[in-house]
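Reminder, nothing fancy here: chain letters follow the sequence lines and each chain counts from 1. Please read all numbers here as calculations on a predicted model, not as lab measurements.
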Protein chains: 2
Amino acid sequence: MKDVAARAGVGLKTVSRVVNEEPGVTPETERRVQEAIEALGFRRNDSARVLRKGRTASIGLVLEDLADPFYGPLSRAVEEVARAHGALLINGSSAEDPEREQELVLALCARRVDGLVVIPAGDDHRYLEPEVKAGVATVFVDRPAGHIDADVVVSDNFGGARDGVAHLIAHGHRRIGFIGDMPRIHTAAERLRGYRAAMEDAEITVEDSWMSLGVTDPERVRRAAEEMLTGPEPVTAVFAGNNRVTVTVIRVLAGHTRPVALVGFDDIELADLLQPGVTVVAQDAAALGRTAAERLFRQLDGTLLTPERIVLPTRLITRGSGELPPAG
Amino acid sequence: MKDVAARAGVGLKTVSRVVNEEPGVTPETERRVQEAIEALGFRRNDSARVLRKGRTASIGLVLEDLADPFYGPLSRAVEEVARAHGALLINGSSAEDPEREQELVLALCARRVDGLVVIPAGDDHRYLEPEVKAGVATVFVDRPAGHIDADVVVSDNFGGARDGVAHLIAHGHRRIGFIGDMPRIHTAAERLRGYRAAMEDAEITVEDSWMSLGVTDPERVRRAAEEMLTGPEPVTAVFAGNNRVTVTVIRVLAGHTRPVALVGFDDIELADLLQPGVTVVAQDAAALGRTAAERLFRQLDGTLLTPERIVLPTRLITRGSGELPPAG
DNA sequence: TAGAGCCTGGACAACGTTGTCAGATGCGGG
DNA sequence: CCCGCATCTGACAACGTTGTCCAGGCTCTA
C-alpha cells in the first residue's frame, strides 16, 4: 500500500480511501491510485485489516466428517448463508474426537473467526465459555452443546425414530431390531429413546438381543445384523440408526432370502431404486445448516439475544422396505 | 497480551516467549505467566501473528459444490494433509461460475492463505499470475488451469472414458449413447474425446443423435436419455459422463422394459445393490485431493520447483449393467 | 576481586491497515 | 482583498504480535 501511495504520489490514507471506496477522493486522484494498484498488482492485506477492525468476516464450521454425505449439504448451506453475509467459511473435521474438536475450535478462535457453527463431538463445551464471553457467536447443530448456554439447532431425532418404529409396528412387526451408534452421541441416544418409546407405546418388551449399540464400522454392523436375523428370536424388521448403518444393513438383507422390513434414519441416494425401495426417516441437512447459520448472523447483528433450542421436524418417506409384512 | 504481561509482572516479550514455547524463560517466570494467561482467558491473536510473520498456516480450497458426493472425500483428503502440516482449510464453492471462482480465489489471497487448491470453473487463470508471483502456492485439481503455468492433478478422463466405452463395444454394442456436461468443462470434453476415440477404434460412425452435451439438470438429462432410447436409431447402451447423469439415467432405464447397458463415469454409492449392479469408471477423489495437497505443501517447503501435470488412473468396476448384451 | 561470558528479561520497532484529526486548497461573499 | 467555509488530502497513532538488540545480574575463572 505504501508502494502504491508512492507510485501514485499520494498519501497512504488516500489509497486506503480508494480501496475502501470511501467518499472524498477526486476522480483524478482516484484514477492515479487505481493505475498504481493495477501496475503493482496490489491486493489489500486482510490480516492487517482484521487486526485494525476486529472483525474477520469469516466463520468456522466444525463437523464430524466432510466426506459424509449427510454433512455435504449442511456444509454447503452454511456456506451459502455466510456468502450472503460476505463471510468466508473455514472448516474442519473432528473425526468424532472431542479433543480434536476442541483443538479445532480453539484454533478457529485464535483466527478470530466472527462465529462458530459446531457439530459437537464431545459433550462438554465449558472450554468455549471465555470465547463466547469475548464475543464469538456460537451455534451448535445436529447435537446439543454440553454445559454451556448456547443456540442449538437439531432434528427431532426422538420423534423421527419413534415414528419410524411405530410405522413398522403398524405394519404388524413386533420383533424389531435397532442398530445404532454409541449412545454417548446425542443423536444416537435420542433415536434409541424413540425406538424404546414406540415399543413401549405398543406394549412390546424389547429383548436385549434386538439392540446393537455403539457399532459403527461396517464389519461390526454386519455381524450385529446377522446375529439379529438368525438368533433364537429373529427380528422381522430392523430400524437403522443412521445412513451408514442403513447402507450396511441393506447389504446384509440382500444376502438373505427371508424378507425383512427396514426403516433407516437419514435419507440415502438411490434409495428409491433399490428393490424394495428403502423407507427412511429423512432429516433436512440443508435446513439444519441454513437455520444454524442464519441464527449465527443474527447473533452477530445483535438481533438475537437469548439462546434457544430449535428442533426441526423429520419426515417419513415410505418406499417399500418399511411396509413389508412380518415374515419368518 | 499486554494485560497478561502486566498481571504476571513481566515484559511483553516474555509472555510471547512463553506462548511460543521459546527457550530462555525460568520455570518460575513461566509459571507466573501461565497463571495469568489462564486467569485472563488469553488467546493469541493469530491475525497479528500473521501480519508479523507473513505465513497464515491456512490454505484455500475452491471447488464446485461441497454438497456433491464427489467433492466430499476430495475435500476431506485435502483437509487431512493440511492438518498434518498444521494448517487450516478455508473452502468455498464456485457453483461452476468462473466469476465466482475468481472472486473466491482473490478473497482467499487477500486473506493471505499460504496456498490454494483450485478446482477450476473457468478456463482462464491469468488473474492468478500476480498472486503466484507473490508466492501463493497453487495446485489445480480435477481440471487443468488455463493460461497459467501451474501444478495440475487430474484423473485420466480420456483413458477412463475410452476404456468404459470400449468395454461396452466388447460386449457387442455399436449404437452407444453419450450424455455429458458442457464441453467447456475440461473433464466433460476429455470424456467425450474418450468416447469418440473408442468408437473410432472400433470403426463405428457416431450419429449426432447419440450424443447429448451440456445437459446437466435432471429433467433435461431425462429427456435426452428418453430421446436416445426411443429415436429411429435407438441406442443399446449409454455411457454417462458423470455421477449425476448416471443417477438420472438409472432412473430413466428403470422405467423401460428393454434392457439397456450402462457404464457411468464416477462411482456411486449403492451401485452394487441395484439390479443390475452399475458398472462404472471410478476415479479416486481422495487420491486427487491428497496428491494435490501434498504437492502444495512441497511447493511451500521449497522442495518443488517446476510445475507438473499429474494424471491419476481410473478403474473400471464391472457390476452387471455394463455387461448386458445389446437388445432391441 | 575483577573481568569475561552466559542467561534471563525488557524496550522498541516493525508488520499493513484504518480512524482521527489537522492542514492545504479553492471558492464565494463581504 | 481578506475571511469563512467546504472539500480534499496526509501525518500519525493504534491494532497485537514477534524479531532485534541491549541491560542487568549471575557464575566462573584467573
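- The distance from atom CZ of A/Arg49 to atom P of D/dT17 is 20 Å, rounded to the nearest whole Å.
- Going from atom CZ of B/Arg32 over to atom P of C/dG9 covers 8 Å, rounded to whole Å.
- Using a 4.0 Å heavy-atom criterion, one finds that B/Thr26 contacts the sugar-phosphate atoms exclusively.
- Counting any heavy atom pair closer than 4.0 Å across all strands shown, A/Lys53 reaches sugar-phosphate atoms only and no base atom.
- The existence of a salt bridge linking A/Arg31 and A/Glu35 is confirmed by a sub-4.0 Å separation between a basic side-chain nitrogen and an acidic carboxylate oxygen.
- Under the 4.0 Å criterion applied to side-chain N and carboxylate O atoms, B/Glu294 and B/Arg290 are not assigned as salt-bridge partners.
- Between the CG atom of A/Asn45 and the P atom of D/dT17 there is a distance of 17 Å, rounded to whole Å.
- The nearest whole Å value for the distance from the CG atom in A/Asp3 to the P atom in C/dC15 is 11 Å.
- Under 4.0 Å is where a charged nitrogen must lie from a carboxylate oxygen, and between A/Asp65 and B/Arg76 at least one such pair does.
- A straight line from CD of A/Glu21 to P of C/dT18 spans 12 Å, rounded to a whole angstrom.
- With respect to the salt-bridge test (charged N to carboxylate O, under 4.0 angstrom), the residues B/Arg184 and B/Glu96 do not qualify.
- Note on A/Ser16: a side-chain N or O is less than 4.0 Å away from OP1 or OP2 of C/dT18.
- Residues that satisfy the ring-ring contact (aromatic ring centres under 6.0 Å, His included) test with B/Phe140, not counting sequence neighbours, are B/His125.
- The distance from atom CD1 of B/Ile37 to atom P of D/dT17 is 10 Å, rounded to the nearest whole Å.
- Both A/Ala48 and A/Val25 lie close to DNA chain D; mapped to their nearest nucleotides by heavy-atom distance, the more 5′-ward contact belongs to A/Val25.
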>> Show, in sequence, the C-alpha distance, side-chain angles and deciding distance for B/Arg298 and B/Glu308, and conclude whether the salt bridge (Lys or Arg N to Asp or Glu O under 4.0 Å) test is met.
In response: CA-CA 12 Å; B/Arg298 280 181 57 203; B/Glu308 227 174 292; over 6 Å; no
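- Rounded to whole angstrom, the span from the CG atom of A/Asp46 across to the P atom of C/dT17 amounts to 9 Å.
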Expected rows: protein N/O vs nucleotides 10-13 of chain D N/O, under 3.5 Å:
residue, atom, partner, partner atom, Å
D/dG10, OP1, A/Gly11, N, 3.4
D/dG10, OP2, A/Gly11, N, 2.7
D/dG10, OP2, A/Thr14, OG1, 2.6
D/dG10, N7, A/Arg17, NH2, 2.8
D/dG10, O6, A/Arg17, NH2, 3.3

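- Side-chain contact between B/Asp142 and B/Val154 is absent, with no heavy atoms from C-beta onward closer than 4.5 Å.
- With C/dG9, D/dG19, C/dG16 as the choices, the nucleotide that has an atom nearest any side-chain atom of B/Leu51 turns out to be C/dG16.
- In this structure, the CD atom of B/Glu30 is 10 Å from the P atom of C/dG9, given to the nearest Å.
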